[in-house]
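A note on names: the letters A, B, ... follow the listed sequences, proteins ahead of strands, and every chain is numbered from 1.
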2 protein chains.
Amino acid sequence: MAVTMRDVGRRAGVSAKTVSNVINGYPYIRPATRDRVLEAIAELGYRMNTSARSLRTGRRGTIALALPELRVPYFAELASEVIHAAEARGLTVIIEQHGGRRDLELDVLTGSRRDLTDGLIYSPLALGPGDEALLDVPYPIVLLGERIFHPNLDHVTMQNTAAAKAATEHLLAQGRRRIVAMGPNPDQDVGSAPLRFAGYQAAVEEAGIAVDPALAVPTKRSWDHATGARTIGRLVDDGVDFDAVFAFNDSLALGAMHELQARGRRIPDDVAVIGFDAIDEGRYSNPTLTTIDPGRAQIPRDAVRLIDERQRGVAGDPCRVAPEFRLVPGGSTGAEELAARGARA
Amino acid sequence: MAVTMRDVGRRAGVSAKTVSNVINGYPYIRPATRDRVLEAIAELGYRMNTSARSLRTGRRGTIALALPELRVPYFAELASEVIHAAEARGLTVIIEQHGGRRDLELDVLTGSRRDLTDGLIYSPLALGPGDEALLDVPYPIVLLGERIFHPNLDHVTMQNTAAAKAATEHLLAQGRRRIVAMGPNPDQDVGSAPLRFAGYQAAVEEAGIAVDPALAVPTKRSWDHATGARTIGRLVDDGVDFDAVFAFNDSLALGAMHELQARGRRIPDDVAVIGFDAIDEGRYSNPTLTTIDPGRAQIPRDAVRLIDERQRGVAGDPCRVAPEFRLVPGGSTGAEELAARGARA
DNA sequence: CTGAAAGCGCTTACAG
DNA sequence: CTGAAAGCGCTTACAG
């Protein structure tokens with residue numbers, strides 16, 4: 001059978017309990033004892049049986065991150081950082097993909113995977129207002145996104161409206177006047193889209209410009225390259241006049257940028273483009289993409305910190321945090337000199 | 001305390017063992033008994049304590065997928081599929097990122113995370129020939145990639161040379177004669193690069209063309225957009241004449257494509273471009289990217305199947321599999337009509 | 001078809 | 001500073 005703490009203890013001339021104390025960093029151990037134990041561990045090649053520990057403590061040291069699709073760059077990057085942040089706290093992450101399907105999002109909450117983790121970082125897409133009661137579950141949840149809120153749950157969100165306003169102001173400051181807002185969806189009264197559109201609207205109106213409905217271009221909910229390309233293509237085909245695009249995420253922006261260039265529009269000369277999210281891809285596009293960093297570094301850290309603290313019972317009242325955002329200058333709005341000065345390092 | 005099988009059994013008028021039998025699908029149970037047990041489970045809200053089960057069985061139902069970086073699209077897509085394939089077998093995946101750092105790659109093999117999983121799907125970048133002994137570990141490993149091989153380990157690889165040859169032949173068939181090979185690295189005698197270069201070389205030579213060393217363009221090891229753009233830019237600056245690019249992965253190809261377009265070259269008219277990997281991004285680029293699908297659907301399925309079978313002890317001799325590849329036609333080589341005919345659906 | 005007993009390998013009180 | 005006992009909640013033989 002496997003080597004146990006008892007075996008290690010026998011070898012070191014101590015009890016299993018002392019071995020446990022050494023491994024778990026219990027402070028009051030005579031150095032000589034500790035050394036003998038560590039030596040025995042090495043000699044016997046002892047490995048902790050983590051199932052036994054979990055059974056005894058009731059903790060697994062594992063959290064779940066439930067998101068729509070790992071292959072969407074935004075989520076891949078989020079997952080990467082959540083894993084790093086969790087590792088720094090000794091936690092292990094299990095990623096679950098629900099694809100924005102309601103049935104799978106419900107399964108995330110109650111399915112058998114919940115017997116494998118101590119807590120859940122949850123970024124739903126299909127759940128929304130009216131589903132709050134589903135979130136009353138007997139384990140800690142940290143919510144991400146703008147789809148659903150719950151007074152008892154920690155929530156890491158974004159300054160969507162303020163950031164969208166800043167993005168629009170950036171375009172206005174460069175003299176752009178006919179700015180497309182790509183992403184608002186009239187069917188959707190909740191989520192990032194209406195919040196970002198509100199920021200756009202506020203900036204435009206504060207600049208003394210009437211919001212032109214022809215420039216508020218809805219898209220389907222999956223904000224990807226193809227949608228961005230198709231949407232801007234249709235706008236051009238329809239003869240709509242515009243000199244800038246604020247796309248509600250980077251994939252839309254990059255898709256639109258490709259399509260505009262394919263149709264001979266120069267960026268930023270003819271059309272300035274700004275995105276939202278600050279995914280890696282925008283740093284390698286041609287030109288580089290000006291975008292909003294909604295707090296890429298902070299969001300995963302906060303989410304993991306909150307779930308960890310909640311799970312360990314050291315958290316205070318449920319809280320809602322929205323990290324600082326910042327505008328990342330790129331070539332797509334002619335702001336690359338700033339970039340060169342190191343703003344994006 | 002939590003509800004246990006004993007509690008459920010008491011409620012249903014049976015023993016804990018019978019509850020266990022019901023949950024685990026043991027066949028010989030009277031329907032009436034089973035129904036009473038299931039009812040009791042529902043009434044009491046019983047949840048399995050998976051730590052206890054793991055302690056008893058010695059199995060956790062968990063596998064690790066160790067890869068360089070989740071934020072690299074190729075790996076994000078691989079991870080996504082591995083998770084799906086694992087779920088289909090009732091396995092849970094833990095992703096570990098080693099960043100291609102040797103110290104972290106070693107830690108993957110021996111670190112404490114190995115006490116949390118039953119097996120490892122391992123895609124190393126820093127380990128290589130000479131490190132085989134490090135892979136002699138007391139748990140199942142399935143290797144991915146071309147860096148290191150081991151006679152006792154299952155290995156899922158690609159038909160690198162044959163696929164690279166097919167890619168090059170595709171360009172040759174369209175009358176291209178000066179084909180850049182982007183990615184070979186003279187310092188690297190092992191890995192995908194030399195294998196893909198061999199395929200390129202074979203195709204060119206079979207076409208009766210001498211391989212021009214000026215067209216074999218080395219890159220640094222991280223095959224990303226920026227590298228592709230920079231590399232092709234330098235080639236143009238140096239006045240090298242070429243009418244096609246075979247990039248050793250899609251990110252290089254997409255970076256090169258951007259840069260060429262930024263410099264006014266038309267694709268595919270002036271330069272045809274083909275990549276390798278078939279990542280999602282190439283389906284949305286302008287033009288779409290012709291590429292090699294090295295078996296994207298099969299690789300994760302085989303890897304998970306092998307680790308599962310090995311771990312359950314139902315596997316035969318260690319095996320090496322390399323799925324079928326296929327050429328995915330796109331606009332970057334003027335092959336989009338094929339695409340339109342449904343070849344990429 | 002089902003039950004009673006034992007034990008997987010830890011950690012938690014409880015002593016000393 | 002360290003030990004002996006008990007028990008976390010399952011499943012595995014062993015019976016019947």
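- In this structure, the CG atom of B:N49 is 13 Å from the C1' atom of D:dG7, given to the nearest Å.
- Atom CZ of B:R6 is separated from atom C1' of D:dT11 by 15 Å (rounded to the nearest Å).
- Put simply, A:Y26 has no side-chain N or O that comes within less than 4.0 Å of OP1 or OP2 on C:dT12.
- Residue A:R30 places at least one side-chain N or O closer than 4.0 Å to OP1 or OP2 of D:dT2.
- Between the CG atom of B:D115 and the C1' atom of C:dG9 there is a distance of 13 Å, rounded to whole Å.
- As a whole-Å value, the separation of B:I41 CD1 from D:dC10 P is 10 Å.
- One can place CZ of B:R59 at 15 Å from C1' of C:dC8, the figure rounded to the nearest angstrom.
- Take the nearest nucleotide of DNA chain D for B:K17 and for A:R36: the residue whose nucleotide is more 5' is A:R36.
- For A:N21 and D:dC1, the shortest distance from a side-chain N or O to OP1 or OP2 is not below 4.0 Å.
- Remark: the B:S54 side chain and the B:R59 side chain contain no N/O donor-acceptor pair separated by less than 3.5 Å.
- Side chain to side chain, A:R60 and B:T50 meet the donor-acceptor criterion of an N or O pair below 3.5 Å.
- Judged by Watson-Crick or G-U wobble contacts below 3.5 Å, the nucleotide D:dG3 has C:dC14 as its partner.
- In this structure, B:L55 and B:R34 both approach DNA chain C, and ranking their closest nucleotides by distance from the 5' end singles out B:R34.
- The residue B:G9 sits apart from the nucleic acid: no heavy atom pair falls under 4.0 Å.
- Ranking D:dT11, D:dG9, C:dT11 by closeness to the B:A52 side chain, first place goes to D:dG9.
- In terms of phosphate contacts, A:S54 brings no side-chain nitrogen or oxygen within less than 4.0 Å of OP1 or OP2 of D:dC8.
- For the pair B:S51 and D:dC8, the criterion of a side-chain N or O lying under 4.0 Å from OP1 or OP2 is not met.
- For A:R53 and C:dG9, the CZ to C1' distance is 12 Å, given to the nearest whole Å.
- Taking 4.0 angstrom as the limit, B:N24 places a side-chain polar atom (N or O) nearer than this to OP1 or OP2 of D:dT11.
- Side-chain N/O atoms of A:H150 and A:D136 include a donor and acceptor closer than 3.5 Å.
- A:R113 and B:T92 share a donor-acceptor pair across their side chains, judged by distance under 3.5 Å alone.
- For A:R56, no side-chain nitrogen or oxygen approaches OP1 or OP2 of C:dT12 to under 4.0 Å.
- Taking 4.0 Å as the cut-off between side-chain N and carboxylate O, B:E309 and B:R305 count as a salt-bridged pair.
- The nearest whole Å value for the distance from the CD1 atom in A:I29 to the P atom in D:dG3 is 10 Å.
- Across C:dG9, C:dC10, C:dT2, the shortest atom-to-atom separation from the side chain of A:A2 is found for C:dG9.
- The only option from B:L70, B:L78, B:V82 that meets the side chain to side chain contact (heavy atoms under 4.5 Å, CB included) definition with A:L70 turns out to be B:L70.
- Each of D:dT2, C:dT2, C:dT11 was ranked by its minimum atom distance to the side chain of B:T18; first place goes to C:dT2.
- Proximity of B:S15 to the phosphate of C:dG3: a side-chain N or O atom is located under 4.0 Å from OP1 or OP2.
- We find that CZ of B:R10 is positioned 13 Å from P of C:dG3, with the value rounded to whole Å.
- Residue-level contact check: A:T33 touches the backbone only, with heavy atoms under 4.0 Å from sugar-phosphate atoms and none from bases.
- The P atoms of C:dC1 and D:dA13 are separated by 23 Å, rounded to the nearest whole Å.
- Contact annotation: A:S20 side-chain N/O to C:dT11 OP1/OP2 distance is under 4.0 Å.
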